[in-house]
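After the structure tokens below, expect a handful of questions from me.
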There are 2 protein chains.
Amino acid sequence: MVTIKDVAQAVGVSASTVSRALSGSSLVNEETKSRILEAAQSLGYERNELARALVKGSSGAIGLVVPDITNPFFSDIARGVSDIADRNGYGVILSNTDDRADRELSYLRLMRRKRVDGLIVCSARLDTPLDESLTSAGTAFILVSRLSIDPDVPYVITDDRAGSRLAVEHLVDLGHRRIAFIGGPENVQSSRDRMDAYREVLNEHGIESREEWRLFAGFTQGAGREAGRQMLLHESERPTAIFAANDVTALGVLEVAEGLGLRVPEDLSVVGYDDISYASLPRIQLTTIAQPAIEMGQIAAGWLLRSLEDEDVPPLQRILTPRLVVRSTTAPAS
Amino acid sequence: MVTIKDVAQAVGVSASTVSRALSGSSLVNEETKSRILEAAQSLGYERNELARALVKGSSGAIGLVVPDITNPFFSDIARGVSDIADRNGYGVILSNTDDRADRELSYLRLMRRKRVDGLIVCSARLDTPLDESLTSAGTAFILVSRLSIDPDVPYVITDDRAGSRLAVEHLVDLGHRRIAFIGGPENVQSSRDRMDAYREVLNEHGIESREEWRLFAGFTQGAGREAGRQMLLHESERPTAIFAANDVTALGVLEVAEGLGLRVPEDLSVVGYDDISYASLPRIQLTTIAQPAIEMGQIAAGWLLRSLEDEDVPPLQRILTPRLVVRSTTAPAS
DNA sequence: TTGTATGCGTTATCAG
DNA sequence: CTGATAACGCATACAA
């Protein structure tokens, strides 16, 4: 690899002058500057960001921690983050935790060892010392779509309680009384909030909230199938509507429902959450609660980068408003 | 940040001893080693990988270049890559090119400046000096699901011609004679291969290959809608089957078809490519050509990492066999 | 077994 | 405007 020294030698100046020229310093003779640039070009010089990072104390990279990049909601967030990061010359280091505390911790440590300038975390859990491990580390960070116990951390979320209420009220409005809820992981704040709001709405309407119709499962399609099967198996005990904490999960429910010969929405109404792009396909037409995932990624990355440049940007705590999108998987209770 | 020196001072040894102890060198007294480890622990020492990278000449990161992480095919690949990389302590730096040559080039340069140890590229184009920019750089790399002009580069692909043949022959077997093809970007090898094989099969069966039924579009849902609309608009000139170069595109086709009041598969058969997880949803049931995306990512990452450790692993040129998955979007021509 | 000195490629400080 | 020189944090060759 050709270094700054090689360029210096080629041009016949000192390394410092080359460094200055290359970083566009104004205090360097225009003519020598152009000679340096030219030489750098023809020698194929590429600045070693590692060395630069070492002395500048900033790596020019941010870490992105998601449960599973395969989930469209998170790949959308990743896309948003990546767009902003790229535009500002930052690299994005990706890692998947599968919502496992141990992996989350170990990746966070890896990121810190790599001296990422900032962290975007979409997989914060409640039962894990994430907060301390983040906050104490002195690395800038922001949570996306997750909350932590600590109320002071920056985040970008949508109002999960409001979103959940929207979904359940929609179902109630349609005349459903046997409404089930399949949540994500229990140790995730958004899961709990959606669960709480679900129970709250049922309560407000004097609707019985049966324990078998209330499950913390997970954010995967498999979890949806599993939980869905469990709830739909016994005909007499079957709910007429299922609210799944996540579109992917809802798709799993759709799958078992279909397998059990149930028609959606005639026999079963299904509501999802996220409004991933596949939810709007004509064949799917999933009623769901929309979250602007790409935008959330952009907002988070935007704030993070700004707070890296600027010492004193106030911590961002942005709560976006979710939106009910009624499509064809919900219908009046029969 | 606490450095190796701080630990050294705390324990009362030299920095080099700490360095040795921390990297598990055997030539250091067991007792001092444990004292060092303990001190490092309690001081919250985290090795600065940047500094380490600088001296070792290896950053412990690999770059992953995809057209769009939002496309399930690529997020699957990313997942496979990430799994292997993480397991080996490597970081994954992600970037999205949207299949644009300029972005591809600039990200590749960014990666090189960041001194990634290796590169996994899923967005190689034919009309761009990527190959040179890669090969000449001396950074190890491997192409996934893309080919380049240079026959000697390492890659993991599936046999695109074979896959395309599978799809078109399936359609022909069903009695279709008016078969259209919507390809990906024209400057991508896999696009061309699929197009070629499509024409080849039609030829072999003496089926007319109309120009209006042959389009290079793109790998996005929007491209599918656009191209699909164009082909389906005029009733008299309508194909009875469309083979889309990609599931996402096929979903777009499904969307316009539905919008135009066409029933699939009664009025129109549709075949996709990739077998993304949403293709198997009961509501979708897309007939498609399966590629093992996660596995491809794993294979590529596995080889890349091996070739980083080991100087002389032979270049991998792995061609996986695609598989026809018949579901419900194809039916005999009426 | 440990310490000293040196270098990885940059940037920054301080003279000139 | 330019050039030494000293860091940045770590690893290692060489001494001790």
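This is a predicted model, so every value here is computed, not measured.
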Sugar-phosphate only, base, or nothing, as touched by B:I4 at under 4.0 Å among non-hydrogen atoms: sugar-phosphate
Neighbour count >12 (heavy atoms, 6.0 Å) for atom CD, A:Q9: no
B:I93 and B:L64, any side-chain heavy atoms less than 4.5 Å apart: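 Side-chain contact under 4.5 Å: no.
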Test salt bridge (charged side-chain N to carboxylate O under 4.0 Å, His left out) applied to B:R87 and B:D83, step by step: CA-CA 6 Å; B:R87 191 174 309 160; B:D83 284 347; 5.4 Å; no
Length of the line joining B:L54:CG and C:dT11:P, which is rounded to integer Å: 12 Å
Enclosure of A:Q41 CD (heavy-atom neighbours >12, cutoff 6.0 Å):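 No.
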N-O pairing of A:D98 and A:R100 below 4.0 Å: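 Answer for the salt bridge query: no.
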Strand-adjacent residues in residues 29-53 of chain A, judged by heavy atoms under 4.0 Å from DNA chain D: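 Within this stretch, A:N29, A:T32 sit under 4.0 Å of the strand.
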Check: B:D99/B:S123 side-chain N/O donor and acceptor closer than 3.5 Å: no
Candidate nucleotides C:dC8, D:dC8, D:dT2, ranked by approach to the side chain of A:V28 - the nearest: D:dT2
Members of residues 5-20 of chain B that approach DNA chain D, where some heavy atom sits under 4.0 Å away: B:S16, B:S19, B:R20
Side chains of B:Q298 and B:V81 in contact at under 4.5 Å (non-hydrogen atoms):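 No. Closest side-chain heavy atoms not under 4.5 Å.
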side-chain contact (heavy atoms from CB on, under 4.5 Å) partner of B:I319, chosen from B:T158, B:I157, B:V156: B:I157
Separation of C:dT13 C1' from A:L27 CG (nearest whole Å): 13 Å
Pairwise distance CE(B:M1) to CG(B:D6) - rounded to 0.5 angstrom: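 Rounded to the nearest 0.5 Å, the CE-CG separation comes out at 10.0 Å.
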Member of A:I120, A:V66, A:V65 meeting the side-chain contact (heavy atoms from CB on, under 4.5 Å) criterion with A:V144: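 So the option named by the test is A:I120.
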Check ion pair B:E49-A:R113 (N to O, under 4.0 angstrom):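 Looking at A:R113 together with B:E49, the answer is yes, because their closest N to O distance falls below 4.0 Å.
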Terminal helix-axis angle for the helix from C:dT1-D:dA16 to C:dG16-D:dC1, with five pairs defining each axis and rounding to 10 degrees: 40°
A:K56 vs A:M1, nearer the 5' end of DNA chain C by closest nucleotide: A:M1
